[in-house]
Amino acid sequence: MYCAGLKPGRMLVVWDNHARPPTSEPRSPVKPNTLTIVSLLSIILLPFHVGGDVALGLDRGGSGLVFVVVPILLVVACGTLLLAERRSGHVIMFLGGFVALAMPIIHRNNGFTAVVAKSPGGLFFIWTLVALGVTGGLAMILSARGLWNLRSRKP
């Protein structure tokens, strides 16, 4: 191929993005930021859930709750945003997903009732329980896959 501006005898090499040789690293069909997005959704939903617990009288609330929930959310946020591509980040996101998945299981007897659903804010409380379960389970699956991919990349 000849291009204006090149000296005679030189060829212009055109790279085709689709003709690259395959890499030796295993590729995941899930985009790398999917796990981050799912973990952040769980981080956003958990305070709504805790607020619903207090508003509906399922928990006393108080400063003790703040000293438990805030550090847990801080650790999960650090694992999600600062350690996303590391093994420790995947482990933290797996454990955060486990906690999110546990919320609907913990509330199976007192959260999914007609009394809660008919109370003010009850529908949103039940919705956050279901959404926490879905995002938590998905975060566990994606972080387990990420851990497996990290394991298989090591020589």
Side-chain angles (χ1 to χ4, degrees), residues 1 11-56 58-113 116-117 121-155:
M1 178 181 238
M11 289 187 65
L12 176 66
V13 179
V14 178
W15 292 98
D16 183 12
N17 288 336
H18 301 291
R20 290 185 180 174
T23 60
S24 60
E25 296 179 11
R27 300 204 54 152
S28 173
V30 177
K31 294 179 182 179
N33 63 356
T34 305
L35 176 57
T36 302
I37 292 168
V38 169
S39 293
L40 287 174
L41 279 173
S42 294
I43 291 168
I44 291 168
L45 289 171
L46 191 60
F48 282 116
H49 166 73
V50 171
D53 271 345
V54 175
L56 294 170
L58 300 173
D59 195 335
R60 291 181 295 137
S63 62
L65 188 65
V66 172
F67 289 122
V68 172
V69 173
V70 171
I72 289 172
L73 289 176
L74 182 63
V75 168
V76 175
C78 287
T80 302
L81 298 172
L82 301 177
L83 305 169
E85 297 300 320
R86 295 184 179 187
R87 180 172 282 120
S88 58
H90 285 285
V91 169
I92 290 170
M93 287 186 275
F94 182 87
L95 294 174
F98 179 75
V99 169
L101 180 61
M103 290 303 137
I105 296 167
I106 291 169
H107 288 290
R108 71 183 179 276
N109 293 332
N110 63 354
F112 294 105
T113 63
V116 170
L123 179 63
F124 184 69
F125 178 76
I126 292 173
W127 181 86
T128 57
L129 279 175
V130 172
L132 270 171
V134 171
T135 58
L138 188 57
M140 287 178 66
I141 292 168
L142 293 175
S143 58
R145 287 186 63 189
L147 282 168
W148 183 261
N149 286 341
L150 287 174
R151 181 184 160 274
S152 62
R153 279 190 228 165
K154 295 290 179 182

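Sequence positions, counted from 1, serve as the residue numbers for this chain.
- Taken from OG in S143 to CD1 in I92, the straight-line distance is 11.0 Å, to the nearest 0.5 Å.
- Going from atom CG of L142 over to atom OG1 of T34 covers 6.5 Å, rounded to the nearest 0.5 Å.
- Taking the centre and axis of the six-membered ring of W148, the NZ or CZ atom of R145 falls outside the cone set by 45° and 6.0 Å.
- Within 6.0 Å of the CZ atom in F124, the count of heavy atoms belonging to other residues, nucleotides or ligands exceeds 12.
- Using a 4.5 Å heavy-atom threshold, the side chains of V38 and M93 count as separate.
- Residues M140 and L101 come closest through the heavy atom pair SD-CD2, 3.8 Å.
- To the nearest 0.5 Å, atom OG1 of residue T128 and atom CG of residue L123 are 9.5 Å apart.
- Taken to the nearest 0.5 Å, the NE2 atom of H90 stands 5.5 Å off from the CD atom of E85.
- Between V99 and L132, the closest side-chain pair of non-hydrogen atoms is not below 4.5 Å.
- Note: D53 CG to I106 CD1 = 9.5 Å, rounded to the nearest 0.5 Å.
- Between F125 and H49, the ring planes lie parallel to each other; the angle is under 30°, not in the 30° to 60° tilted range.
- When the options V69, V68, V75 are evaluated for a side-chain contact (heavy atoms from CB on, under 4.5 Å) with I72, the one that passes is V68.
- Taking each heavy atom of A139 and S39 in turn, the nearest pair found is CB-OG, 4.2 Å.
- Taking each heavy atom of S42 and A100 in turn, the nearest pair found is OG-CB, 4.1 Å.
- Considering all non-hydrogen atoms of both residues, L83 and S88 come closest at CD1-OG, 3.7 Å.
- Residue I37 holds its CD1 atom at 12.5 Å from OG1 of T135, rounded to the nearest 0.5 Å.
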* Asked: Passes side chain to side chain contact (heavy atoms under 4.5 Å, CB included), T80 versus L40? Steps please.
  -> CA-CA 7 Å; T80 302; L40 287 174; 4.0 Å; yes
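- Under the 4.5 Å side-chain criterion, counting only non-hydrogen atoms from C-beta, W127 is in contact with L45.
- In terms of heavy-atom proximity, I126 sits nearest to A117 at CD1-CB, 3.7 Å.
- Taking the side chain as every heavy atom from C-beta outward, V76 and L73 never approach each other to under 4.5 Å.
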